[in-house]
Structures are given as structure tokens and as C-alpha cells.
Amino acid sequence: MEEDQEAVNLAADWADISQGLRKDLGQQVHGQWIKPIQPGNYCPETGTLDLYLPTEFSANWVQDRFADRLSLAWKIARPDVRHVRILVHPGRKQLPELRLGSGGNPRRPANDSAAQSDPLAAALEGEAFATLSQGAANIDASQTFASFVTGTSNVLAANAAQRMAAPETPQFSPLYLKAATGQGKTHLLHAIGHAYLAAHPHARIFYCSAERFMVEFVQALRQNQMMEFKSRLRGFDLLLVDDIQFIIGKASAQEELLYTIDALLQEGKRLVFAADRAPQALDGVEPRLLSRLSMGLVADIQSADIELRRSILESRLTRFASVQVPADVIEFLARTINRNVRELVGGLNKLIAYAQLTGQAVSLQLAEEQLTDILSANRRRITIDEIQRTVCQFYRIDKTEMSSKRRARAVVRPRQVAMYLAKVLTPRSYPEIGRKFGGRDHSTVIHAVRLIEELRTRDADMDGDVRSLLRQLES
């Protein structure tokens, strides 16, 4: 009875988690990869929960792309769950073994009956077969050089990536892209693959994460197919490996990657790696592999500055021609969501989607209401008191003027600027801001914010003052 009740509880928790993931990932992705998941065995002693998928391919795919998200979701729903394993359902028939045919392409056994016994397995198998067969495995056609916005923080990496994809032999190989999460390194990997395939239509390209590389390596080892694995891997013209930091500590996989790099370089093939840290900062990496990773060009992508963040948002807006997004909203997002580009674009997408689905106009208030989590995570805790001090120093007035009743222009305008900055840089409401400025009514704060917004559009001096103050407060 206890086991039955536990199964019921797991199913109920999974229903809630699945619904949340559907909202985050979208109906199509959720329906194809998340919906088929079934909660399985749970061990209270170790806190380990098994999640089952119908096929090995789907289990590997979900492991590569959604393992961290699933683990976090379960830990939030049930703190007693400490580990999540993604496995093939023990009652499901496995996909038939894919063997390499002529030219390194996989072929299925002639007596394959998976399509008849399991339609879902057949569909996934077809996708697995296509992924392994085609020249641009897993390359996202939407992530191109044309859609990549460059600025001072990423121009070196962008130019190096374009050189790597050009028809001419690159001056360096491998290319190593180093960037923190969400700064565009994965976009550049896909862009290289897309552009290279456009220049070489018959080229064989392999894109994978380091984790995926290890999964395939282990599978080949267990199935006694190492020769085929090596042959297929070394038959590619362009090798793209993401998140190389996750190969740390896997000695056998490191050795195989090392031999693959040497073989491809000797044949003049192209290699690109990406990681969240420099090669020298990769702990547990075999010295010879470390040497290979850093022997070409290491291109660093810095955090996007305010100008680049504005440009990225404006570029993204071209996809939503029918939606009007005011300039103050773009400025607000660019200044507030500053941790990484992925969050920045995600915030804009969420805001526009909400506006379209509800019929509301995009506004600063709507952005603050709907992007609470993203904004809170990105905001440095700037206080209204800090803003008042900075503004008073800038305009050379006493801090008591922020709360005084004086209406001289020399103190009114700085006070209005401080109110505007308090609204832009803090999560405080209009009434809360008013109380910090001598108990003023919220309507006074609203008037000040709108006035400064309007002055910035037609008064270059005012706009310059505000920009200077923003730089001081955000530095």
C-alpha cells in the first residue's frame, strides 16, 4: 500500500512539474520530449528517482538537453529527491542497433520491426537515423552569423568563427570559444556549422556537447563498437564540441578525443570547442589534451555591454513587426537584464508573447509585472538612498533637498531625475518612492518619471546627465 501511495504521489508531482515545463519549453518541445516521461522507482535512502523514457535515443536526448532542468524541478517539488536518473523504460523494446554502412552512414538491420511494434520508437528511431546520416547533425538553422549581433565584447570571437567557416583554409585550428553561460558561444558554434555547410554542401559535420560525446563513447565501448565509433568520428570534416568542461575526469573519453583531434588536424579538418572557462582553467584535463585545446586560437566572449544589449533587443524586434515596444521598455530591459544575452532575449520574448496573448500594450509597467523573476535575479541591489546621494553629488546640491519642499528649478529637476532613476533601478512602487522623497504623493513620482523620459528624447544634455548617472550607479 505504501508503494502504491508513493507511486500516486510521484505521478501527482510529475503532473505539476510537467505542466510547468510545458509553459517554459512550449507545446511542441514538451509534447515530443517531456510528455513521454514516466516517474519510475524511487529510493528514499539515497534520494534517487528514476525517470523512464520509451527509447534509448529519447533518453539520451532528454539527458543531454533537459537533465539539469528536470533535476531542479524535482528538487523544488520534493526536497527529498536528491538525484534524478533518466533511463529507458525496462519494459520497452530497445531501438535496433545502428551500424555503419558505406561512407560511414548508419544502416538498419533488414528485419527491423520497431515501426510496427512501437510507433513512438519508430518516430524517434527515424529521427536518430536522420541525425546520424545527414551532414549537419543537430545544427540549428536559425542560429546563423546573420542573426548574431556583434559588439566590442564579442567581435574577436565572431570574426574568428567566420574565418573558421570560410572556404579558405583557416590560419588556426582548433578554435576555442570561451564565454560564460548565455553569452553566445553556442550560437557561434551553430553559425559555423551552418555557414560551412553552405560553402561545402557535401561536408560531414558533427555537433555535440561533451556530455553527448561521452554518452556515445560509453555506448560504443559497451557494445564493442569502438572501431566503428572512431571511424565515424574521424570521418567528419568539421567537429563542433560544446561545453567541453564536462569532459573533465573521464580519462578514456579524454584519450579518445585527443586521438581524434590529432587525426583530424593531420588531415586538415576543422575543429571548434566551446567552454565556460579558458583551457588552463579546466581542472582534471590530461595535459596533452589541454595542449591541443589551446594550440590554436582561444577567443574570449565578454559579457555584453549596454550598447550591445540594446542592439540585440533592437535586432530581435525585427521579428515582431506587428508589436510596438516603446523605447523606454527597451532601455529598461537593456539596463536591467545584464547577466547574459539568453536571459535578455528570453525576457523580451516573454513580454511580447504575454502582450500578444492578452491583447495588452507593451509598457514599462507590464515589463515590471511580468518579468519579476528575471529582473530580480539581474538587479544589483541599488537603494533609493544611494541614488539620492549620487544625484546630489552630481548636481552639487545638499541631500536634504531630496525631501525638501523647495520648488526652485535647481533642486526640482535633480529631485525628478532621482525619482526617475529610483523607478528604473529599483523594484520600489510609486508610493514607496514618494515616501522616500519627503512623503510625496505617488502622482508626483509618476509625473517626474514621465517628464524625465520625455526630456531625454529631446534634450541631449538631460539624456547625457541620466546616462552618466546610470553608469555611476551600475558600475
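Every value quoted in this text rests on a predicted model; they were computed, and no experiment measured them. Both backbone and side-chain heavy atoms feed into the values below; hydrogens, waters and symmetry mates do not.
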Suppose we screen for ring pair (Phe, Tyr, Trp, His ring centres under 6.0 Å). Which residues come up paired with [X], at least two apart in sequence or across chains?
| X | answer |
| --- | --- |
| F273 | none |
| H200 | Y196 |
| Y52 | H89 |
| F66 | none |

>> Could you walk me through whether R163 and Q171 satisfy the side chain to side chain contact (heavy atoms under 4.5 Å, CB included) test, starting with their C-alpha distance in whole Å, then the side-chain angles of each, then the deciding distance to 0.1 Å, before giving a yes or no?
In response: CA-CA 8 Å; R163 290 284 185 88; Q171 296 176 323; 3.8 Å; yes

Under a 3.5 Å cutoff, is there a donor and acceptor pairing between the side chains of [X] and [Y]?
| X | Y | answer |
| --- | --- | --- |
| Y420 | R456 | yes |
| Y42 | D50 | no |
| H187 | S147 | yes |
| S18 | H30 | yes |
| N338 | S303 | no |
| S209 | D243 | no |

> CG of D80: more than 12 outside heavy atoms within 6.0 angstrom?
Replying inline: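 Buried by this count: over 12 neighbours within 6.0 Å.
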
>> Surrounding CD of Q324 (heavy atoms of other residues, nucleotides or ligands, distance under 6.0 Å), is the total greater than 12?
In response: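 At most 12 heavy atoms, drawn from other residues, nucleotides or ligands, come within 6.0 Å of this atom.
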
Atom [atom1] in [X], atom [atom2] in [Y]: separation rounded to 0.5 Å?
| X | Y | atom1 | atom2 | answer |
| --- | --- | --- | --- | --- |
| L470 | Q472 | CG | CD | 9.5 Å |
| R319 | L348 | CZ | CG | 10.5 Å |
| I261 | M295 | CD1 | CE | 9.5 Å |
| K423 | D328 | NZ | CG | 12.0 Å |

Quick one: closest heavy-atom pair of [X] and [Y], and the distance?
| X | Y | value |
| --- | --- | --- |
| F145 | L188 | CE2-CD2, 4.0 Å |
| D276 | Q245 | N-OE1, 3.3 Å |
| A278 | Y176 | C-OH, 3.8 Å |
| W14 | I34 | CZ2-O, 3.5 Å |

>> With a 4.0 Å cut-off on N to O distance, would you call R309 and D305 a salt bridge?
In response: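 A salt bridge is absent here (no side-chain N lies under 4.0 Å from a carboxylate O).
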
>> Any salt bridge linking D237 with R270? Criterion: basic side-chain nitrogen under 4.0 Å from a carboxylate oxygen.
In response: no

>> Tell me every residue that passes salt bridge (charged side-chain N to carboxylate O under 4.0 Å, His left out) with R288, counting only those two or more places apart in sequence or in another chain.
In response: E286

>> Could you tell me if R232 sits above the aromatic ring of F206, with its cationic atom closer than 6.0 Å to the ring centre and no more than 45 degrees from the axis?
In response: yes

> Does W74 have R78 sitting over its ring (NZ/CZ under 6.0 Å from centre, angle to axis within 45°)?
Replying inline: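 Ring-cation test returns no.
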
> Tell me, do I312 and V341 make a side-chain contact under 4.5 Å, heavy atoms counted?
Replying inline: yes

>> If the condition is side chain to side chain contact (heavy atoms under 4.5 Å, CB included), which residues does R342 pass it with, not counting sequence neighbours?
In response: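 If we apply the side chain to side chain contact (heavy atoms under 4.5 Å, CB included) test to R342, skipping adjacent residues, the hits are T181, N340.
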
